[in-house]
Amino acid sequence: MKNSSRKQGKFFFLNVQMTNQPYAKLGITAPKKFGHAPDRNRFKRIAREAFRAIYSDLPPGSLIHVSPRQKAKEAKMTDIAQEMTTLIHETQS
């Protein structure tokens, strides 16, 4: 992503790019290297739910891209949402 901020968390990598759109968007990449299909699907499901939970706190025009780390296999939705919020606020400062 051009003009983006990349942060590394405990559970995933996060890229944030600001645009002129009136809403925030989420992109998820879960490669085969991360694990089998159930592991990848679980991460994607949890990441989408975490995004929905924090959507109202996000600045408009945020394009957020997440890619999991191996520790994400043991993470809960609240862990992902908390880390996503923290990393997004770090990129804005």
Hey, what do you get for [atom1] ([X]) to [atom2] ([Y]), rounding to the nearest 0.5 Å?
{"X": "S67", "Y": "Q8", "atom1": "OG", "atom2": "CD", "result": "11.0 Å"}
{"X": "T85", "Y": "I54", "atom1": "OG1", "atom2": "CD1", "result": "3.5 Å"}
{"X": "R69", "Y": "F11", "atom1": "CZ", "atom2": "CZ", "result": "10.0 Å"}
{"X": "I88", "Y": "S62", "atom1": "CD1", "atom2": "OG", "result": "6.5 Å"}
{"X": "D57", "Y": "M84", "atom1": "CG", "atom2": "CE", "result": "12.5 Å"}
{"X": "D79", "Y": "E74", "atom1": "CG", "atom2": "CD", "result": "9.5 Å"}

**Item:** salt bridge (Lys or Arg N to Asp or Glu O under 4.0 Å) contacts touching residues 28-48 (sequence neighbours left out)
**Value:**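 Checked against salt bridge (Lys or Arg N to Asp or Glu O under 4.0 Å) - neighbours excluded - no pair reaches residues 28-48.
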Query - Set of residues satisfying ring-ring contact (aromatic ring centres under 6.0 Å, His included) with respect to F13, sequence neighbours excluded - result: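 None.
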Determine whether [X] and [Y] make a side-chain contact, defined as any pair of heavy atoms from C-beta on separated by less than 4.5 Å.
{"X": "L63", "Y": "V16", "result": "no"}
{"X": "N15", "Y": "V66", "result": "no"}
{"X": "I80", "Y": "F51", "result": "no"}

Quiz prompt | T29: partners by side-chain hydrogen bond (donor to acceptor under 3.5 Å, both in side chains), with sequence neighbours left out | solution =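 For T29 the side-chain hydrogen bond (donor to acceptor under 3.5 Å, both in side chains) partners, ignoring immediate neighbours, are H65.
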For Q70, all residues meeting side-chain hydrogen bond (donor to acceptor under 3.5 Å, both in side chains), sequence neighbours excluded: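 Once residues adjacent in sequence are excluded, the partners of Q70 under the side-chain hydrogen bond (donor to acceptor under 3.5 Å, both in side chains) criterion are K73.
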| Shortest non-hydrogen contact from A72 to F43? |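 Smallest heavy-atom distance, with atoms named: CB-CD1, 3.8 Å.
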Do [X] side-chain atoms and [Y] backbone N/O form a donor-acceptor pair below 3.5 Å?
{"X": "T86", "Y": "Q82", "result": "yes"}
{"X": "E49", "Y": "M77", "result": "no"}
{"X": "E90", "Y": "K7", "result": "no"}
{"X": "N41", "Y": "A37", "result": "yes"}

Practice item. Go through the structure and list residues passing side-chain contact (heavy atoms from CB on, under 4.5 Å) with T78, not counting sequence neighbours. Key: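 side-chain contact (heavy atoms from CB on, under 4.5 Å) list for T78, sorted by chain: K76.
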Identify each donor-acceptor pair in which a side-chain atom of residues 18-28 lies under 3.5 Å from a protein atom, sequence neighbours left out, and give them as a table.
unit_1	atom_1	unit_2	atom_2	d
T19	OG1	Q21	N	3.4
T19	OG1	G61	O	3.0

